[in-house]
Amino acid sequence: QVQLVESGGGLVQAGGSLRLSCAASGRTFSTYNMGWFRQAPGKEREFVAIISWSGATTYYADSVKGRFSISRDNAKNTVYLQMNSVKPEDTAIYYCNLGSSMATPGARGYWGQGTQVTVSS
């Protein structure tokens, strides 16, 4: 059974930084692409970033490009999202995903329970 546990969310001021973590178990982590998605109140879940199984390839949503960075540690079965220069519009629940295709992020795979990120202005 796959388990994805996100952590690191919280309240941060605009312009600040936060690092989210997602620890995975139940699958051979190093063979799966990993992604981050978010859902703001009243909005649909949207793609944030994805990293290939090897870590060699990453894609980002235009809204976070240059500010967020996705990385992974296959020895620790963990994927990270470093969030810098955060803005109030980054406020959302952030979800970890295991198993998406790089071409269609979020179309399949497993999901964590989410971690709340709130950015104050």
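Numbers here simply count residues along the sequence, with the first being 1.
- Every residue two or more places apart in sequence or in another chain that forms a salt bridge (charged side-chain N to carboxylate O under 4.0 Å, His left out) with Lys65 is listed here: Asp62.
- Of the inter-residue distances, the one linking Ile51 atom CD1 with Ser69 atom OG reads 8.0 Å to the nearest 0.5 angstrom.
- Follow the hydrophobic side-chain contacts under 4.5 Å out from Val79 and you never reach Ile50; the two are in separate clusters.
- Within the 3.5 Å criterion, the main-chain N or O of Lys76 finds a donor-acceptor partner in the side chain of Thr78.
- Val2 and Trp111 are not part of a single hydrophobic cluster, where members link through side-chain heavy atoms under 4.5 Å apart.
- Panel note: side chain Thr91, backbone Thr118; no donor-acceptor pair is recorded below 3.5 Å.
- In this structure, Cys22 SG and Gln113 CD are separated by 8.0 Å, a value rounded to the nearest 0.5 Å.
- Rounding to the nearest 0.5 Å places CG of Asn33 at 11.5 Å from OG1 of Thr58.
- Nearest heavy atom pair, residue Ala49 against residue Leu81, reads CB-CD1, 4.3 Å.
- Among residue pairs with one or both ends in residues 47-100, those qualifying as ring pair (Phe, Tyr, Trp, His ring centres under 6.0 Å) are Phe37-Phe47; sequence neighbours excluded.
- The distance from the OG atom of Ser25 to the CG atom of Leu4 is 7.5 Å, given to the nearest 0.5 Å.
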**Q.** Test side chain to side chain contact (heavy atoms under 4.5 Å, CB included) applied to Thr57 and Met102, step by step
**A.** CA-CA 9 Å; Thr57 304; Met102 297 294 286; 3.8 Å; yes

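- Closest non-hydrogen pair, Leu11 versus Ser120, comes out as CD1-CB, 4.3 Å.
- In this structure, Glu6 contributes its side chain and Cys96 its backbone to a donor-acceptor pair below 3.5 Å.
- Side-chain contact between Arg38 and Val64: present, with at least one pair of heavy atoms (C-beta onward) separated by less than 4.5 Å.
- Annotation: cation-pi geometry not satisfied between Arg72 and Tyr32 (NZ/CZ under 6.0 angstrom from ring centroid, within 45° of ring axis).
- A single hydrophobic cluster is not seen to contain both Ile93 and Tyr110; linkage of ILVMFWY side chains at heavy-atom distances under 4.5 Å, directly or through other members, places them apart.
- Annotation for Glu89: atom CD counts as buried by contact number, over 12 foreign heavy atoms lying within 6.0 Å.
- Rounding to the nearest 0.5 angstrom, the gap separating the NZ atom in Lys87 from the OG atom in Ser121 is 14.0 Å.
- For residues 103-121, there are no salt bridge (Lys or Arg N to Asp or Glu O under 4.0 Å) pairs, not counting sequence neighbours.
- Counting only N and O atoms by type, the side chains of Asn84 and Ser17 include a donor and acceptor under 3.5 Å apart.
- Contact between Ala14 and Pro88 at its shortest, heavy atoms only, is CB-CD, 4.1 Å.
- A distance-only check finds a donor-acceptor pair linking the side chain of Thr115 to the backbone of Gly9 [under 3.5 Å].
- Here the closest non-hydrogen pair linking Ala24 and Phe29 is CB-CD1, 3.5 Å.
- Judged by distance alone, the side chain of Ser54 and the main-chain N or O of Ala56 form a donor-acceptor pair under 3.5 Å.
- For the pair Arg67 (side chain) and Ser85 (backbone), a donor-acceptor distance under 3.5 Å is present.
- The line from CE of Met83 to CG of Asp90 is 5.0 Å long, rounded to the nearest 0.5 Å.
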